[in-house]
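Following: one structure in structure tokens, then a few remarks.
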Amino acid sequence: MMSYEGAQWEAGLEVLHALSEAGGEAYFVGGCVHDALLGIEASDIDIATSADPGQVLRLFPDTLPTGLKHGTVTVRRSGFFFEVTTFRQEAEYSDGRRPDDVFFVRDVREDLARRDFTINAMAAGADGAIVDPFGGMDDLQARRLRAVGEPARRFDEDALRIVRCVRFAARYGFAVDAPTWAGVLACRDKLRLVAMERIGAELDKMMSAGDPGRAFGLLLAASLPARFKLPLPGAWLARLGRIAAPSADAADALIEAAGSARSGLSRYLPERADADLRWAALFLAGAAAAEEAEEAMKQLHLAGRRVKRIGDIVRLHQSLSIPSGREAWRTNWTIGVLDRGLEAAADWQQLFGAQRMREAFEVPDELQAAAGEWTAAMPAVRAADLAIKGDELCAAANKPPGPWIAIALRRLLEQVAMGTLNNDKETLRIAFLKELRER
Ligand code: ATP
Ligand code: MG
């Protein structure tokens, strides 16, 4: 039985009631059902109904035709959005990529049968009763991830489900049922057919919740990344694989054990952090070069500003290269902040704010503690912060503008940032002219 509490469920119940008053059947379906049963707050609530999309559009005043072709209408109610999808089946996956066609069906059970895993194939009615034709409740209780139907057939239809299998196992700390894992291994070559964009979205979800260390441990234990349509940096993956599961037994534990089967990678990933910081940690853990990291993120279709943010953290960390001695640290840090910016500096500090992260990456406590003070003490972090401008350098040197200006400003900026020059116009002008004469 489900019990519905809170404004989002209330609004969802109103949508269910409206659909059933219009003569249809309607249920909550998918992730929100098992999340509620596990006591996890729902992020979004999906609804399945026998009403066809036209009826749904007519029934509700505030809708968006999100995916009419696939039977999905977004309904807005009390400020919440609900994806309302007509019961459907998917016809023929001729290419193992996307269903060729969908067709609408009358029975909720037929709709549940097209879904990937038993815990994802339950429907909950307005009265709280659960429709569970594939034993999803038992699997939830046993903390087990199991495919609906014959695993190899289901993974063959849509190989993305292989990656989703890993995601759900790591998200909830579930063991993967043995026949399901056998299906993963049997069908993994089909991953070549899956668009990198869909893979990237799944990997990014892995980073956002649950235990991403276990997720990547599982991916690597099954050599899944090596089978993606586009290659990810091989040396990075190989290093991650050795960290994640140094032995065959360790790999088996990731697959078979529910709950606390933490992979060796888990200790390199921050516990309370957004996905971007975790991506940065994953690249650093496998010692990816910054260019490789950026290439990998592009192949996975991460948004450009995220590629930049994550790449900056990787570059900043690698530029520190943990030298000995406080002054050397401070120089590297200050130059790193000038190169990568304040956001990267704040991200780095957050990433290594936890003791266990500093231990994993051998970042001295003292460096992390001092970095914040060094940043705060920098009188300038960008050329625009300097008390002298490019045109004033031109006038002082009596030279026409050119690329030399940026170089000269950067030299001044480094000295101001390090505190060896005061940030006032006259001091900077004199320092600039002195350097000009000496060169
Ligand atoms: P999240 O909370 O991360 O969004 P979710 O369980 O809602 O997880 P979605 O990817 O949003 O997962 O999919 C919603 C539901 O649609 C799933 O619970 C599942 O029933 C079904 N589903 C999604 N993708 C597939 C697929 N590739 N094959 C079969 N069923 C799928
Ligand atoms: Mg969802």
Side-chain angles (χ1 to χ4, degrees), residues 1-88 90 102 104-105 107-134 136-137 139-140 145 148 164 167-168 171-172 174 201-202 204-206 208-210:
M1 285 293 278
M2 297 271 285
S3 61
Y4 303 117
E5 272 160 45
Q8 193 181 5
W9 285 113
E10 290 298 327
L13 282 172
E14 287 171 20
V15 176
L16 292 198
H17 286 133
L19 286 162
S20 55
E21 273 160 30
E25 259 184 75
Y27 300 90
F28 298 123
V29 286
C32 70
V33 177
H34 62 240
D35 278 1
L37 291 166
L38 291 168
I40 300 170
E41 209 177 311
S43 48
D44 35 49
I45 294 179
D46 294 331
I47 291 171
T49 181
S50 61
D52 67 46
Q55 282 175 286
V56 177
L57 284 173
R58 283 191 298 277
L59 197 55
F60 296 97
D62 196 356
T63 57
L64 300 162
T66 325
L68 274 191
K69 258 200 337 225
H70 301 104
T72 303
V73 173
T74 300
V75 173
R76 180 156 65 174
R77 189 95 175 187
S78 314
F80 298 103
F81 292 91
F82 300 93
E83 289 209 339
V84 179
T85 304
T86 305
F87 296 158
R88 62 172 214 222
E90 282 156 6
V102 305
F104 300 136
V105 295
D107 186 354
V108 65
R109 284 158 197 271
E110 285 182 71
D111 179 274
L112 294 175
R114 74 169 162 91
R115 296 174 183 268
D116 45 9
F117 301 102
T118 62
I119 60 163
N120 285 345
M122 297 187 279
D127 60 358
I130 291 173
V131 184
D132 178 23
F134 304 103
M137 287 290 267
D139 288 334
L140 266 192
L145 191 73
V148 169
R164 289 171 59 83
R167 170 158 76 88
F168 289 113
R171 166 80 176 85
Y172 299 107
F174 284 6
E202 288 292 330
D204 202 36
K205 282 188 177 187
M206 286 176 197
S208 309

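Note: hydrogens, waters and symmetry copies are ignored here, and every other heavy atom, side chains too, is used. Computed from a prediction, not measured in an experiment: that's the story for all the values here.
In this structure, Arg109 has no salt bridge (Lys or Arg N to Asp or Glu O under 4.0 Å) partners at least two apart in sequence or on a different chain. Looking at residues two or more places apart in sequence or on another chain, you find no ring pair (Phe, Tyr, Trp, His ring centres under 6.0 Å) involving Phe82. Partners of Asp127 by salt bridge (Lys or Arg N to Asp or Glu O under 4.0 Å), not counting sequence neighbours: none found. Remark: Asp35 engages no residue in a salt bridge (Lys or Arg N to Asp or Glu O under 4.0 Å) (not counting sequence neighbours). Listed by chain and residue number, nothing satisfies the side chain to side chain donor-acceptor pair (under 3.5 Å) test with Thr63 (two or more places apart in sequence, or in another chain). Not counting sequence neighbours, the partners of Leu68 by the side chain to side chain contact (heavy atoms under 4.5 Å, CB included) test are Pro53, Leu57, Pro65, Val73.
To the nearest 0.5 Å, atom CE of residue Met1 and atom CD1 of residue Ile130 are 8.0 Å apart. Here Arg167 contributes atom CZ and Glu202 contributes atom CD; the two are 4.0 Å apart, rounded to the nearest 0.5 Å.
Counting heavy atoms from C-beta on, the side chains of Ile47 and Val75 never come closer than 4.5 Å. Looking at heavy atoms from C-beta onward, Val131 lies out of side-chain contact with Glu25 at the 4.5 angstrom threshold. In this structure the side chain of Val84 never reaches within 4.5 angstrom of the side chain of Phe60, judged on heavy atoms. For the pair Leu19/Val56, a side-chain contact is recorded, criterion being any heavy-atom separation below 4.5 Å from C-beta on.
Listed by first and then second residue, the side chain to side chain donor-acceptor pair (under 3.5 Å) pairs that reach into residues 49-59 come to none, sequence neighbours excluded.
A pairwise comparison of heavy atoms in Ala124 and Met2 identifies CB-CG, 3.7 Å as the closest pair. Across every non-hydrogen atom of Ala126 and Tyr4, the tightest pair is O-CE1, 3.6 Å. Considering all non-hydrogen atoms of both residues, Val33 and Phe28 come closest at CG2-O, 3.4 Å. Summarising the geometry of Asp111 relative to Ala48, their closest heavy-atom pair is OD1-CB, 4.4 Å, with the distance given to 0.1 Å.
Between the side chain of Thr74 and the main chain of Thr66, no donor-acceptor pair closer than 3.5 Å is present. With hydrogens and angles ignored, the 3.5 Å screen pairs a side-chain donor or acceptor of Arg88 with a backbone N or O of His70.
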Practice item. List the steps and the verdict of side chain to side chain contact (heavy atoms under 4.5 Å, CB included) for Thr85 and Val29. Key: CA-CA 10 Å; Thr85 304; Val29 286; over 6 Å; no
Practice item. Give the C-alpha distance, both sets of side-chain angles, the deciding distance and a yes or no for side chain to side chain contact (heavy atoms under 4.5 Å, CB included) between Leu140 and Phe174. Key: CA-CA 8 Å; Leu140 266 192; Phe174 284 6; 3.8 Å; yes
Show which side-chain atoms of residues 116-123 pair as donor or acceptor with protein atoms under 3.5 Å away, not counting sequence neighbours.
from	atom 1	to	atom 2	distance (Å)
Asp116	OD1	Asn120	ND2	3.0
Asp116	OD2	Arg164	NE	2.6
Asp116	OD2	Arg164	NH2	3.0
Thr118	OG1	Asp139	OD2	2.6
Asn120	OD1	His34	ND1	3.3

Less than 3.5 Å apart, which donor and acceptor atoms pair up between the side chains of residues 6-16 and the rest of the protein, not counting sequence neighbours?
from	atom 1	to	atom 2	distance (Å)
Gln8	NE2	Ser43	O	3.2
Glu14	OE1	Arg77	NE	3.0

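Classified by interplanar angle (parallel below 30°, tilted 30° to 60°, perpendicular above 60°), the ring pair Tyr172/Phe168 is parallel.
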